[in-house]
2 protein chains.
Amino acid sequence: MEGQEPQGVAGEQVQRRPRVQKNVTRTIASDICADIFPVGSYLPRENDLCERYGVSRTVIRESLKILESKGMVRGRSRVGTVVCGKDEWNILDAQVLEWIGERIFEFDLLNCILEARRAIEPVAAEFAAERATVQEIADLERAWQAMRDGEGDVAGFTDADVAFHTCLLKASHNQVFLQLVGIIQAALKFSLHASNEAAERRDEAIDVHRELVEALRMRDKAAARDCSIRMLDLAARDLATAVKQHSPAKPVL
Amino acid sequence: MEGQEPQGVAGEQVQRRPRVQKNVTRTIASDICADIFPVGSYLPRENDLCERYGVSRTVIRESLKILESKGMVRGRSRVGTVVCGKDEWNILDAQVLEWIGERIFEFDLLNCILEARRAIEPVAAEFAAERATVQEIADLERAWQAMRDGEGDVAGFTDADVAFHTCLLKASHNQVFLQLVGIIQAALKFSLHASNEAAERRDEAIDVHRELVEALRMRDKAAARDCSIRMLDLAARDLATAVKQHSPAKPVL
DNA sequence: ATTCCATGAAGATCACCAAGCTCACGACCT
DNA sequence: AGGTCGTGAGCTTGGTGATCTTCATGGAAT
């Protein structure tokens with residue numbers, strides 16, 4: 001979506017836009033996630049980081065400040081910067097989730113997210129049933145249509161699913177629930193990614209999503225709650241298959 | 001709690017200027033919360049901010065980077081820095097909540113937090129009932145004792161209550177729930193703050209908290225859930241009185 | 001064992017260059 | 001003549017590098 005080069009003519013891929021900051025931050029974060037800088041260890045001196053990433057100290061410092069503000073590292077004055085434990089990270093932060101990326105499977109996070117979704121989304125659906133505006137219900141309908149139409153395209157289907165759940169949380173008109181859209185996006189992204197082979201499940205999911213929209217339209221809290229729970233049961237199955245695919249070397253017994 | 005100058009003896013308020021960074025960041029954030037820099041407006045140029053806060057441009061830039069990483073502002077290259085809408089802020093971030101401080105009453109957040117707590121804490125209590133270690137239950141017991149003993153001290157009681165709920169979320173062994181400790185802390189801090197006059201309610205709260213510890217000890221999920229719900233009912237009453245006290249000029253009809 | 005100091009890394013400042021977004025001015029086209 | 005479009009100046013952020021200050025630390029000296 002963003003970060004495009006709209007330089008019209010004679011496509012020179014010179015990419016003369018630096019945007020060093022964001023790249024360096026993401027790179028350091030990825031290196032931390034990849035255990036290149038293990039938890040509890042000090043990362044190199046700022047001057048060494050400058051050399052390693054080929055940027056000035058200012059950029060390094062700003063990147064470290066960002067990572068520190070998200071709980072991933074902790075700067076100790078005149079001593080060094082130490083990598084914090086993963087339980088101190090702001091894993092609800094969308095950027096942090098993005099940096100973790102595929103390694104979310106190693107974080108034992110998806111199960112926690114599913115548990116949290118089971119606590120939150122049915123309640124959010126209830127609130128949405130009594131608070132959603134007609135506009136918001138229309139947005140949900142559009143997202144559902146996108147899910148139905150994007151059957152062949154896995155990425156398109158996932159995006160539409162994410163959009164659906166985002167709209168649902170918005171329609172709950174609760175700021176706290178809305179903040180949780182990030183983890184739900186991550187959960188959907190990495191659960192659905194692997195379950196694209198199960199076409200019949202997807203049809204079932206599409207049905208449930210449609211029923212939820214109808215429940216909201218009827219202002220039927222109980223039905224909305226029920227639909228949400230059924231959706232999460234489907235998500236649980238998807239997650240199980242996704243986890244199985246992603247950790248093939250399961251220590252059986 | 002932190003950010004103090006513990007300059008022990010012979011109180012020279014010379015304030016040997018450490019930690020400029022943190023102070024500036026907090027000050028800018030507070031100014032944003034106080035609508036000195038309203039939502040949607042551009043804040044002054046970085047050079048002007050240097051003068052205003054009496055620091056170098058590097059410090060300003062690092063502060064803005066931190067605020068940007070929390071969704072409070074958005075830097076537009078070579079144009080300026082614009083204050084984001086409050087619904088874009090990472091309100092689950094502990095630092096952001098700290099910066100908001102008392103103004104949380106103006107954010108219409110406490111009601112949302114209570115709704116979220118009703119969705120989450122009973123479930124967390126259930127998980128704690130089946131997952132808590134004996135050590136964690138002992139910690140909860142200690143926090144409860146601190147609540148009971150710290151009857152005279154309002155701040156002490158609040159701290160103990162915060163510690164109790166933090167331990168409970170830890171005992172749920174769910175990383176997502178654990179991240180929500182920040183908003184629950186904020187909710188308790190500002191709800192209990194005002195309800196210190198209701199001594200009998202506090203006694204009731206202490207009883208319910210004790211019952212919850214016992215339920216965890218018995219591994220009784222249903223009882224734990226029930227205790228959590230009753231606690232939240234008490235919290236709802238506290239919140240109502242706190243809100244009433246904080247917005248005295250209620251437009252009554 | 002305690003005190004003191006040299007060391008080194010982060011904290012902070014300053015001056016500077018690069019790059020591109022804005023806006024206004026002027027030329028060109030209708 | 002008037003409106004539109006290109007262009008360039010200027011301003012502001014993005015990024016660099018040198019420099020100074022401040023202390024946390026570990027080892028040396030007492």
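Throughout, protein chains are lettered first and strands after them, A, B, ... in sequence-line order, and every chain is numbered starting at 1. This is a predicted model, so every value here is computed, not measured.
For A:Thr25, the side chain to side chain donor-acceptor pair (under 3.5 Å) partners at least two apart in sequence or on another chain are A:Gln21, A:Ser63. Checked against salt bridge (Lys or Arg N to Asp or Glu O under 4.0 Å), A:Glu62 has the following partners two or more places apart in sequence or in another chain: B:Arg61, B:Lys65. Taking the side-chain contact (heavy atoms from CB on, under 4.5 Å) definition, one finds that B:Asp48 meets it with B:Pro44, B:Arg45, sequence neighbours left out. Partners of A:Phe37 by ring pair (Phe, Tyr, Trp, His ring centres under 6.0 Å), not counting sequence neighbours: none found. Judged as a ring pair (Phe, Tyr, Trp, His ring centres under 6.0 Å), and not counting sequence neighbours, the contacts of A:Phe164 are A:His209. Scanning for side chain to side chain donor-acceptor pair (under 3.5 Å) contacts around A:Arg78 gives an empty result, with sequence neighbours left out. Applying the ring pair (Phe, Tyr, Trp, His ring centres under 6.0 Å) criterion to B:Tyr42, with sequence neighbours excluded, gives no partner residue.
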What are the atom names and distances for every N/O pair under 3.5 Å that joins the protein to nucleotides 25-28 of chain D?
| from | atom 1 | to | atom 2 | distance (Å) |
| --- | --- | --- | --- | --- |
| D:dT25 | OP1 | A:Arg76 | NH2 | 2.7 |

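Protein atom CZ of B:Arg57 is 11 Å distant from nucleotide atom C1' of C:dC14, rounded to whole Å. Protein atom CZ of B:Arg61 is 13 Å distant from nucleotide atom C1' of C:dT13, rounded to whole Å. Taking atom CD1 on B:Ile60 and atom P on C:dA12, their separation rounds to 12 Å, with Å as the unit.
Annotation: B:Glu51, atom CD; neighbour count of heavy atoms from other residues, nucleotides and ligands within 6.0 Å does not exceed 12. Within 6.0 Å of the CD atom in A:Gln145, the count of heavy atoms belonging to other residues, nucleotides or ligands exceeds 12.
Direction change of the helix axis from one end of the helix from C:dA1-D:dT30 to C:dT30-D:dA1 to the other is 0°, with five pairs defining each end axis (rounded to 10°).
A donor-acceptor pair under 3.5 Å is formed between the side chain of B:Asn174 and the backbone N or O of B:Val176. Within the 3.5 Å criterion, the main-chain N or O of B:Ser69 finds a donor-acceptor partner in the side chain of A:Lys70.
Contact check of residues 42-55 of chain B against DNA chain C (heavy atom, cut-off under 4.0 Å) returns B:Val55. Listed in residue order, the members of residues 62-74 of chain A having a heavy atom less than 4.0 Å from DNA chain D come to none.
The residue B:Ser77 sits close only to the backbone: its heavy atoms come under 4.0 Å of sugar-phosphate atoms, none of a base. Across all strands, B:Gly80 comes closer than 4.0 Å only to sugar-phosphate atoms, never to a base (heavy-atom distances).
Counting only residues at least two apart or in different chains, ring pair (Phe, Tyr, Trp, His ring centres under 6.0 Å) contacts with residues 64-104 of chain B comprise B:Trp89-B:Phe107.
If you check the side chains of B:Glu115 and B:Asn111, you find no donor sitting under 3.5 Å from an acceptor.
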